[in-house]
Amino acid sequence: MPELPEVEVVRRGLAQWVAGREIVSAEVLHPRAVRRHLAGADDFVARVKGRVVISAERRGKYLWLPLSGAEEALLAHLGMSGQLLVVEPGSPPDKHLRVRLGFGDGGSELRFVDQRTFGHVMLSPLLDGVPSPIAHIAPDPFEASFDDDRFAAALRRRRTEVKRALLDQSLISGVGNIYADEALWLARLHWARPTQTLTRPKIAELLAAVREVMTAALHQGGTSFDSLYVNVNGESGYFERSLEVYGRRDRPCSRCGTPIMREAFMNRSSFSCPRCQRRPR
DNA sequence: CACGCAGCCTGGGAGC
DNA sequence: TGCTCCCAGGCTGCGT
């Protein structure tokens, strides 16, 4: 389940293996993979050919490849199960291969593989260096343009629960269910804590926790649970060994030994320590 | 405008 | 063995 650290691992792989190369062929094997490219699959294929990949960029969980020519980029979101794989041409097709790009040097090809098809790729204009479809997404906490004070003020204005706010990509991008739970545990906050009751120091602590868990994950190459997520070379990350609460129901909290509990939240799961993270009254 | 939630999608696993 | 149901969850679109 790719969140910011996993997407960053993929971005680095793309920067290393794909930047500077000219796309000469493209094939869309499943229309849903390009559903956000409103002009259709044929248009996507026609317009991507002949373009040189300039670099690999990322904001939150989105990543994009600026292309030569017009101010345009190949934008990708991995969804839950998407992978961008750099493989030798002619390698056996993956079961869930959705899009394939070939390069003029005849070397490795880029494949978008996605079992659950929540991910997508598209071509989009760049506005001030950012793809237009993600203009409404807030910077992620590792960008220079992320403003801690502004985030704190926006959070306190909200009338919602702190975990909902963490998952709201218009407030802070890149945080998904796994790292939200991990950061809340580290900051000793219950997921249902009303945002308007958070003090500025507590918000600073929460932001530090978000950055800490993501930095740790990045150092280990991302998180992987069911091998659906792999980096650009097809190698799984190993961060799941370091998770403190996510997926650890009934196992002891490493701080106090209390069994971790799982609660239903937003049609998914929240994991927390009932002692370290006291539910608000 | 702010907030919350259904729906999208597939395969693995549990239960019968 | 084979069927049904549940679960994973980021994001969009829509209702309140």
Side-chain angles (χ1 to χ4, degrees), chain A residues 1-8 10 28-38 58-64 75-84 94-99 112-122 124 130-138 140 151 153-184 191-197 210 214 217 222-230 236-237 239-240 243 245-250 261-272:
Chain A
M1 302 144 206
E3 298 182 29
L4 188 154
E6 291 77 20
V7 178
E8 174 60 15
V10 173
V28 175
L29 294 100
H30 194 305
R32 190 172 149 78
V34 292
R35 66 192 179 284
R36 303 264 168 221
H37 189 86
L38 299 181
R58 182 189 57 73
R59 165 167 286 182
K61 302 169 199 170
Y62 282 92
L63 58 82
W64 65 92
L75 177 64
H77 194 292
L78 302 178
M80 283 181 61
S81 54
Q83 306 170 3
L84 283 166
D94 313 75
K95 183 174 181 190
H96 304 291
L97 177 62
R98 309 302 189 198
V99 177
F112 178 62
V113 176
D114 190 12
Q115 176 202 114
R116 294 174 211 174
T117 68
F118 275 45
H120 63 97
V121 297
M122 65 184 293
S124 80
V130 177
S132 54
I134 64 170
H136 65 290
I137 303 282
D140 68 56
F151 172 74
L155 202 60
R156 282 155 55 93
R157 275 197 304 271
R158 284 295 177 101
R159 293 179 172 272
T160 187
E161 298 160 342
V162 64
K163 186 171 174 182
R164 287 181 190 278
L166 275 183
L167 296 177
D168 184 340
Q169 305 294 300
S170 70
L171 278 176
I172 178 173
S173 64
V175 184
N177 200 39
I178 298 168
Y179 294 105
D181 279 2
E182 293 297 305
L184 289 168
W191 54 265
R193 176 75 174 269
T195 47
Q196 67 267 31
T197 69
V210 167
M214 287 188 165
T223 303
S224 174
F225 297 94
D226 51 11
S227 79
L228 273 180
Y229 165 75
V230 288
S236 294
F239 186 62
E240 74 272 22
L243 294 177
V245 286
Y246 186 86
R248 293 177 50 84
R249 173 161 58 170
D250 294 336
M261 66 176 179
R262 174 192 179 277
E263 295 168 280
F265 169 80
M266 288 173 75
N267 259 342
R268 43 185 63 89
S269 297
S270 255
F271 295 92
S272 61

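Residue numbering restarts at 1 for every chain, and letters A, B, ... go by the order of the sequence lines. No hydrogens, no waters, no symmetry mates; every other heavy atom, side chains included, goes into these values.
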Measuring to OP1 and OP2 of C/dC11, would you say a side-chain N or O of A/His77 lies under 4.0 angstrom away? yes
Quick one: is A/Gln169 getting a side-chain N or O under 4.0 Å of the C/dC11 phosphate, OP1 or OP2?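 Yes, because at least one side-chain N or O of A/Gln169 sits under 4.0 Å from OP1 or OP2 of C/dC11.
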Taking only residues two or more places apart in sequence or in another chain, which ones pass side chain to side chain donor-acceptor pair (under 3.5 Å) with [X]?
| X | result |
| --- | --- |
| A/His37 | A/Asp43 |
| A/Glu263 | A/Trp191, A/Arg279 |
| A/Arg248 | none |
| A/Glu8 | A/Arg11, A/Arg12, A/Arg58 |

ring-ring contact (aromatic ring centres under 6.0 Å, His included) involving A/Phe118 - partner list, sequence neighbours excluded: none
Excluding sequence neighbours, so at least two apart, what forms ring-ring contact (aromatic ring centres under 6.0 Å, His included) with A/Phe112?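 With sequence neighbours excluded, A/Phe112 shows a ring-ring contact (aromatic ring centres under 6.0 Å, His included) to no residue whatsoever.
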If you walk 5' to 3' along DNA chain B, what is the first nucleotide with an atom under 4.0 Å of a heavy atom in chain A, and what is the last?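 Range of nucleotides touched by chain A: B/dC3 to B/dG11.
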Taking A/Glu3 for the side chain and A/Gly176 for the main chain, is one N or O donor matched with an acceptor at less than 3.5 Å?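 Looks like yes, one N/O pair under 3.5 Å.
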Return the value, rounded to whole Å, for the distance between atom CG of A/Leu171 and atom P of C/dG10. 16 Å
Return the value, rounded to whole Å, for the distance between atom CD1 of A/Ile178 and atom C1' of C/dA8. 10 Å
So what is the end-to-end bend of the helix from B/dA2-C/dT16 to B/dC16-C/dG2, with 5 pairs used at each end and the value given to 10 degrees?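 Here the helix ends are tilted 50° relative to one another.
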A/Pro133: partners by side-chain contact (heavy atoms from CB on, under 4.5 Å), with sequence neighbours left out: A/Leu75, A/Met122, A/Ser124, A/Pro131
According to side-chain contact (heavy atoms from CB on, under 4.5 Å), who are the partners of A/Arg157, at least two apart in sequence or on a separate chain?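 Result, side-chain contact (heavy atoms from CB on, under 4.5 Å) vs A/Arg157: A/Ala153, A/Ala154.
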Toward the 5' end of DNA chain B, which comes first, A/Arg159 or A/Arg268, by nearest nucleotide?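 Nearest nucleotide further toward 5': that of A/Arg159.
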Could you pull out the protein-nucleic contacts involving nucleotides 12-16 of chain C (nitrogen or oxygen on both sides, under 3.5 Å)?
unit_1 : atom_1 : unit_2  : atom_2 : d
C/dT12 : OP1    : A/Tyr62 : OH     : 3.4

With sequence neighbours left out, what residues match A/Lys61 under salt bridge (Lys or Arg N to Asp or Glu O under 4.0 Å)? none
